[in-house]
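Note on naming: letters A, B, ... go to the chains in the order of the sequence lines (proteins, then strands), and numbering restarts at 1 for each one. What's counted below: heavy atoms across the whole structure, side chains too, no hydrogens, waters or symmetry copies.
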Amino acid sequence: MPEDRALAVGVLALQGASAAHIAAFDELGVRARPVRSRPELEGLSHLVIPGGESTTIHHLLELFDLRQAIIDRYNDGQLALFGTCAGAILLGIDAGEAPPRFGLLDAILNRNAYGRQIDSFSKILPLPALGTELRCVFIRAPKVRRVGSGAQVLAWDGDDPILLRGSGLLAATFHPELSGDPSIHAYFLEPALWNSVRSCPARGVSIETEAPNRHVIAGQ
Amino acid sequence: MSHEDAVKVNGGGGEGKGSASFSNALTPDADFEIKVGLSRMLQGGVIMDVTSADEARIAEDAGAVAVMALERVPADIRKEGGVARMASVERIVSIQEAVTIPTMAKARIGHFQEARVLEELGVDFIDESEVLTPADNEHHIDKTMFRVPFVCGARSLGEVLRRIAEGAALIRTKGEAGTGDVSEAVRHLRLIHRELGALKAAGREELLAQAKHLAAPFDLVRQVWEQGKLPVPNFAAGGVATPADAALVMSLGAESVFVGSGIFKSEEPARTAAAIVKATARYQEAPIVVEACREAGDAMRGIAVDQVAPEAQLQTRGW
């Protein structure tokens with residue numbers, strides 16, 4: 001993020017758990033505003049795409065002409081993006097399943113990869129990049145199938161990456177907004193999020209050295 | 001049912017493990033949080049009744065956040081009569097396989113064996129529903145005994161809290177299902193908000209009297225009083241037939257909308273479904289609701305609630 005821009009945080013509020021994100025920012029003393037239309041996107045430096053149904057959120061983003069506007073603003077280096085669960089799915093690269101992805105985060109995420117709702121779970125997991133641990137809630141969660149060199153894994157559950165970042169991008173397969181701890185939301189607001197990404201050691205998932213479909217990332 | 005019974009709600013199901021019943025509702029234990037988590041993921045969305053794989057696909061393409069699998073939509077249950085039960089296993093499975101969004105299915109009130117069948121099938125949410133013929137006229141299912149989350153209907157704050165005490169992870173305000181008349185959903189949304197306001201305004205010393213009045217467990221009443229809100233989301237259901245109906249219930253505080261007969265009894269279900277999704281997402285903005293109204297097909301004809309005999313009303317089932 002360019003240094004001279006004021007912090008202005010939005011949470012996409014067309015469908016999904018936007019209120020929980022706004023509450024998490026409240027705890028940090030940051031007033032985040034709900035975003036449902038193009039005008040509400042104006043002037044934002046940060047946008048959360050929350051958990052919800054990725055097919056519904058995609059449908060509504062297209063319907064209200066927001067999808068390309070968000071991608072363009074990110075590519076211009078104006079808008080950092082944080083996706084949780086459904087939001088993380090959308091940030092990634094096309095995975096050969098609906099809905100179409102933004103293609104911004106250099107990773108492939110598959111929907112409902114743990115199974116149905118009865119396979120949803122929560123557990124306390126370490127977040128070494130943040131120097132803390134968190135109770136992570138996984139609800140009909142996606143799994144990261146592939147990580148390209150443009151993305152860095154910040155936390156794992158066993159062999160599964162659960163928290164990733166790219167330059168100006170943060171993605172969680174779980175729900176930090178339901179954990180009662182705003183550490184990850186604070187991390188999202190750090191200017192260092194725009195720093196270029198170090199590649200990380202492979203563990204379980206295939207790590208590609210040359211990212212497919214890699215977008216030009218501004219601010220590097 | 002006396003107040004004493006009301007504060008000892010143990011539900012009907014389970015196998016002698018009723019003592020565990022309150023734990024989920026009263027402490028934010030992990031399993032309950034996971035269930036309520038899915039409820040939160042459905043906020044701002046439309047959940048559509050479907051009776052076939054084709055209808056389920058139409059719903060998903062229109063932007064539904066979930067589908068509700070059932071044998072007959074409420075308007076047909078009302079018209080045809082007979083005993084309304086859980087949908088057939090074949091029907092539920094074909095609907096599950098047709099879509100990637102969550103599949104809900106209805107079980108009869110108190111019918112914990114139907115609920116076990118639905119859980120075993122991997123249904124994502126069970127609706128213990130007054131639209132089906134109740135299996136138990138005194139007890140609801142002990143929903144704490146299940147890993148799958150439940151949604152239940154309610155007409156008052158007391159009913160909301162009794163269902164939460166039994167383990168419901170989501171409440172839907174009851175309208176009069178299958179009528180296309182939204183007035184009962186409106187009445188009960190307003191009533192629940194009014195009662196919630198009265199509870200929040202009560203003094204600490206009034207809480208036991210509030211619990212008695214609401215016929216709800218004291219600890220849960222106190223929790224809502226302390227937090228100033230319900231521990232689970234509240235959606236609206238029953239009689240929603242148009243985009244403007246959906247915008248109305250959202251404006252009255254519903255966090256999502258269930259649409260039953262309103263879609264597949266309309267003239268053009270795909271258009272009506274998409275229009276209701278649109279109006280729900282941006283219900284605050286009149287120009288968007290106008291667009292949605294233009295885009296919707298003709299609404300179901302419906303039947304006014306005052307034309308429905310009291311004994312034919314579905315909303316009075318459950319307590």
Original post:
In terms of heavy-atom proximity below 4.5 Å to chain B, should A:Leu63 be classed as side chain, backbone, both, or neither?
Top reply: side chain
Subject >> Closest non-hydrogen atom pair, B:Thr100 against A:Glu53 >> reply: O-OE1, 4.5 Å
**OP:** Against chain A, label B:Ser256 side chain, backbone, both or neither, depending on which of its atoms sit under 4.5 Å from a heavy atom there.
**Re:** neither
Original post:
What's the verdict on side chain to side chain contact (heavy atoms under 4.5 Å, CB included) for B:Phe146 and A:Ile118, showing C-alpha distance, side-chain angles and the deciding distance?
Top reply: CA-CA 9 Å; B:Phe146 291 79; A:Ile118 48 173; over 6 Å; no
Original post:
Hey, what do you get for CD1 (B:Ile34) to OG (A:Ser120), rounding to the nearest 0.5 Å?
Top reply: 7.0 Å
Subject >> Under 4.5 Å from any heavy atom of chain B - which part of A:Glu177 >> reply: side chain
**OP:** Please state whether the side chain, the backbone, both or neither of A:Ile139 comes within less than 4.5 Å of a heavy atom of chain B.
**Re:** side chain
Original post:
Roughly how far, to the nearest 0.5 Å, is the CG atom of A:Leu14 from the OG1 atom of B:Thr280?
Top reply: 12.0 Å
**OP:** Of all the heavy-atom pairs spanning B:Lys35 and A:Gln117, show the shortest one and how long it is.
**Re:** CA-NE2, 4.2 Å
Original post:
Can you tell which of A:Gly51, A:Ser37, A:Ala20 has the highest number of heavy-atom pairs within less than 4.5 Å of chain B?
Top reply: A:Ser37
Subject >> A:Gln15 side chain vs B:Gln43 backbone, donor-acceptor pair below 3.5 Å >> reply: yes
Subject >> Best-contacting candidate, B:Ala66, B:Ala62, B:Ala64, against chain A by heavy atom pairs under 4.5 angstrom >> reply: B:Ala62
**OP:** Taking B:Arg40 for its side chain and A:Gly16 for its backbone only, find out whether a donor-acceptor pair lies under 3.5 Å.
**Re:** no
Original post:
If you draw a 6.0 Å radius around CD in A:Glu190, do more than 12 non-hydrogen atoms from other residues or ligands fall strictly inside?
Top reply: yes
Subject >> Portion of A:Thr55 that has a non-hydrogen atom of chain B nearer than 4.5 angstrom >> reply: side chain
Subject >> Closest non-hydrogen atom pair between A:Arg116 and B:Asp124, with its separation >> reply: CB-OD1, 3.4 Å
Subject >> Part of B:Gln284 lying under 4.5 Å from any heavy atom of chain A >> reply: side chain
Subject >> Derivation and outcome, side chain to side chain contact (heavy atoms under 4.5 Å, CB included), residues A:Leu178 and B:Met41 >> reply: CA-CA 11 Å; A:Leu178 300 182; B:Met41 295 311 134; 3.9 Å; yes
Subject >> For chain A, the option from B:Glu255, B:Glu60, B:Arg147, B:Glu119 that forms the most heavy-atom pairs under 4.5 Å >> reply: B:Arg147
**OP:** Using non-hydrogen atoms and a 4.5 Å limit, figure out which bit of A:Arg140 sits close to chain B: side chain, backbone, both or neither.
**Re:** side chain
**OP:** Return the option, out of B:Pro102, B:Gly44, B:Gly37, with the maximum number of heavy-atom pairs under 4.5 Å with chain A.
**Re:** B:Pro102
